[in-house]
Peer 1: 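Here it is, the structure in full.
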Amino acid sequence: MDGIRTRQALGLSIATALALGLTACGGSGSGGAAADGVVTISVNGMPAATQTVDRKNFEDDVKAFEASHPKIKIDAREGQMDPTTFAAKLAGGQLEDVFYVYFTDPAGLIQRRQAKDISAEMKDFPALADIRPALQDVFRDSGGKIYGVPEGNYSLGLVYNRALFTKAGLDPDRPPTTWEEVRTAARKIAALGDGVTGYADYSKNNQGGWHLTSWIYSMGGDVATQQNGGWKAAFNSDAGRKALQMLHDMRWTDQSMGTRQLLEIPDVQKMMGSDKLGMYMAGPDNIPTIVKQFERKYDDYGLAALPGSATLGGGDGFMFNPKISSEKVKAGLTWLQWKYLNPDREEEITKKSVGGSIPIGLPQPNLWSGASAAKVDAVHQQYANVPVQNFKPFTDRSDSVKVKVEPPNAQQIYTVLDAVMQAVLTEKDADLGQLLSGAEGKVNTILATVK
């Protein structure tokens, strides 16, 4: 799938004897500095050996960091937080001091007290205050305490074909900002004929439920909400009905979504890459995929913010073993700031991509606000190898469209919502209310298992 969602957790099985050895060398013990004043911290997130370029860059960064910070040693490991093994690793002393998480992880880890409160240590890192508040909030509890920092982020918008917009009499520099405008534009694009579809969406392999979640967010609703210490389905609502009605009307009344349904990501990307699709919901990372896979140009595509009040998004970041010392937290924050959260290194990092196939100037990740954002944006503008003006409709509204993370047990919920998307897009007389009610009961059963 798109973006950060595609990364899969790696299960790790480490013997108790090894865990004791790691603790002794500072891998996951609670102690601070050794007798020589050196603090050793274990961190994960290192690329696999098969990712040769990324792995070498990571290892080179570790060497450079240790050379400039002689009192900190990095014990780097592959992988990230795996929910299926996390509790056992924590209990067995095998959990890294600093560990990689997705945005869907922090809330549960904080609630279960499986991550360390780093609020006091964060005060010694004032530069991190420029992280966008909405992203930092992912790592806060209800009382405002901080348990981690973000490293990357994404959100869903509208990818669109600029040439088809022009052919249909639409202004490619002024894409739709409301769903009604999307509907109108889709009709005009579909009217071009020759197998062109105005708007397409996913509806299988959990991708339909994923996108329906973003549809509901954009309509002002939720898929799940916390109630009395538990979770309940929330999509059987006005927002849920509006989302399904819009999809139904575009598919059946306007016939702007084409007759071929049960689509997934590769299908829709192929349609876009062959000039047979006007718009679809996706993150910025889809554009490089289309350009590379179908030998297109970045100039061919634009990116707009998702209509409505909110969109689905996510990201990744790092949290801290609850058993480690304050000295290790500070060492970990020093590493994370230097490696991932350092606007002063942005030019150095960006220069590595100049002349290569990596796009420079995409609107995400978008971690910074204030002076840090200005510094990073200036670097990307200077070295951009993509038409950043084509993404302006996305960036201009980035602060007004709230980014909401996935619901708990997201993949199980998406399986249920896939069936809803499939019915709406393949059955003209589908009962929208009945679809929502039926799915609500199934999702409540799934949410009852959330801990």
Peer 1: If you define the side chain from C-beta out and look only at heavy atoms, does anything of P106 sit under 4.5 Å from M319?
Peer 2: yes
Peer 1: Which residues satisfy the side chain to side chain contact (heavy atoms under 4.5 Å, CB included) test with S437, sequence neighbours excluded?
Peer 2: N236
Peer 1: When rounded to the nearest 0.5 angstrom, what distance separates CG in L156 from CH2 in W215?
Peer 2: 12.5 Å
Peer 1: So S214 and L306, do their side chains get closer than 4.5 Å, heavy atoms only?
Peer 2: yes
Peer 1: Do you know which two heavy atoms are closest between G361 and F391, and how far apart they sit?
Peer 2: O-CD1, 3.8 Å
Peer 1: How many angstroms lie between atom OG of S203 and atom CD of Q261, to the nearest 0.5 angstrom?
Peer 2: 6.0 Å
Peer 1: The criterion is side chain to side chain contact (heavy atoms under 4.5 Å, CB included); which residues satisfy it with N409, sequence neighbours excluded?
Peer 2: Q412, I446, T449, V450
Peer 1: Distance from L212 atom CG to Y202 atom OH, nearest 0.5 Å?
Peer 2: 14.0 Å
Peer 1: Can a donor-acceptor pair be found, under 3.5 Å and without considering hydrogens, that links the side chain of D130 to the backbone of S372?
Peer 2: yes
Peer 1: What's the shortest heavy-atom distance between A200 and L263, and which atoms?
Peer 2: CB-CD1, 4.2 Å
Peer 1: Can you find a heavy atom in the side chain of F58 that is under 4.5 Å from one in the side chain of Q51?
Peer 2: no
Peer 1: Is there a side-chain contact between L447 and P408 (heavy atoms, below 4.5 Å)?
Peer 2: yes
Peer 1: Go through the side-chain N and O atoms of Y147 and D141 and say whether any donor and acceptor fall under 3.5 Å apart.
Peer 2: yes
Peer 1: Has T253 got a side-chain atom pairing as donor or acceptor with M250's backbone, closer than 3.5 angstrom?
Peer 2: no
Peer 1: For E180, is there any backbone N or O sitting under 3.5 Å from a side-chain donor or acceptor partner on T184?
Peer 2: yes
Peer 1: Taking atom NZ of K204 and atom CG of D267, what is their separation to the nearest 0.5 Å?
Peer 2: 7.0 Å
Peer 1: Which pair of heavy atoms, one from S369 and one from R132, lies closest together, and at what distance?
Peer 2: N-CG, 4.0 Å
Peer 1: Side chain of N390, backbone of Y301: donor and acceptor closer than 3.5 Å?
Peer 2: yes
Peer 1: T213: which residues meet the side chain to side chain contact (heavy atoms under 4.5 Å, CB included) condition with it, sequence neighbours left out?
Peer 2: Y217, V223, L312, P407, Y414, L417
Peer 1: So, do V138 and P150 sit near enough that their side-chain heavy atoms are less than 4.5 Å apart?
Peer 2: no
Peer 1: Do the charged groups of K339 and E151 touch, with an N to O distance under 4.0 Å?
Peer 2: no
Peer 1: Can you spot which of Y340, F318, F86 makes a ring-ring contact (aromatic ring centres under 6.0 Å, His included) with Y100?
Peer 2: F318
Peer 1: Could you report the tightest heavy-atom contact between V329 and F320, atom names first, then the distance?
Peer 2: O-CE2, 3.8 Å
Peer 1: Just by modelled atom types, is the P365 backbone N or O under 3.5 Å from a matching donor or acceptor in the N153 side chain?
Peer 2: no
Peer 1: Do Y160 and P176 have side chains that get closer than 4.5 Å, going by heavy atoms?
Peer 2: no
Peer 1: Please lay out, stage by stage, how N444 and E440 fare under the test side chain to side chain donor-acceptor pair (under 3.5 Å).
Peer 2: CA-CA 6 Å; N444 276 333; E440 180 182 30; 4.6 Å; no
Peer 1: How would you list all residue pairs meeting salt bridge (Lys or Arg N to Asp or Glu O under 4.0 Å) that involve residues 221-243, not counting sequence neighbours?
Peer 2: D222-K404, D238-K242
Peer 1: Does the pair F165 and I189 meet the rule for a side chain to side chain contact (heavy atoms under 4.5 Å, CB included), with working shown?
Peer 2: CA-CA 7 Å; F165 263 59; I189 293 168; 3.7 Å; yes
Peer 1: If you measure from NZ on K392 to CG on L303, what distance do you get to the nearest 0.5 Å?
Peer 2: 13.5 Å
Peer 1: Hey, are the side chains of N161 and L277 touching, using non-hydrogen atoms and a 4.5 Å cut-off?
Peer 2: no
Peer 1: Checking K167 against D275 for the side chain to side chain contact (heavy atoms under 4.5 Å, CB included) test, could you report, in this order, the C-alpha distance in whole Å, the side-chain angles of both residues, the deciding distance, and whether it holds?
Peer 2: CA-CA 11 Å; K167 287 181 182 179; D275 283 337; 5.9 Å; no
Peer 1: Would you say K402 and T311 make side-chain contact, with heavy atoms under 4.5 Å?
Peer 2: no
Peer 1: The criterion is ring pair (Phe, Tyr, Trp, His ring centres under 6.0 Å); which residues satisfy it with F139, sequence neighbours excluded?
Peer 2: F103
Peer 1: Looking at Q207 and I265, would you say the former's side chain and the latter's main chain have a donor-acceptor pair under 3.5 Å?
Peer 2: yes
Peer 1: I would like to know whether E96 and K89 meet side chain to side chain contact (heavy atoms under 4.5 Å, CB included); could you show each step before the answer?
Peer 2: CA-CA 9 Å; E96 293 83 4; K89 288 182 67 177; 3.4 Å; yes
Peer 1: Output yes when a side-chain donor or acceptor of Q364 lies under 3.5 Å from a complementary backbone atom of S155, and no otherwise.
Peer 2: yes
Peer 1: Which one of K116, Q111, R112 satisfies the side chain to side chain donor-acceptor pair (under 3.5 Å) criterion with Q114?
Peer 2: R112
Peer 1: When you check the gap from the basic side-chain N to the acidic O, do K276 and D194 get nearer than 4.0 Å?
Peer 2: yes
Peer 1: Using a 3.5 Å cut-off and no angle test, enumerate the donor-acceptor pairs between side-chain atoms of residues 424-435 and protein atoms at least two apart in sequence or in another chain.
Peer 2:
unit_1	atom_1	unit_2	atom_2	d
T426	OG1	Q422	O	2.5
D431	OD1	G433	N	3.2
D431	OD1	Q434	N	2.9

Peer 1: Return the OH to CZ distance between Y199 and R187, rounded to the nearest 0.5 Å.
Peer 2: 15.5 Å
Peer 1: Ignoring hydrogens, what is the shortest heavy-atom contact between V182 and P307? Give both atom names and the distance.
Peer 2: CG2-CG, 3.8 Å
Peer 1: Stepwise, does the side chain to side chain contact (heavy atoms under 4.5 Å, CB included) test hold for W368 with L341?
Peer 2: CA-CA 9 Å; W368 299 103; L341 299 167; 3.9 Å; yes
Peer 1: Using modelled atom types and a 3.5 Å cut-off, is there a donor and acceptor pairing between side-chain atoms of N44 and backbone atoms of R77?
Peer 2: no
Peer 1: Quickly, which of Q269, M281, M272 forms a side chain to side chain contact (heavy atoms under 4.5 Å, CB included) with N286? Name it, please.
Peer 2: Q269
Peer 1: Quick one: which of D300, D173, D299 gives a salt bridge (charged side-chain N to carboxylate O under 4.0 Å, His left out) with R162?
Peer 2: D173
Peer 1: Taking all non-hydrogen atoms of both residues, which atom of M279 and which atom of A186 are closest, and how far apart?
Peer 2: CE-N, 3.6 Å
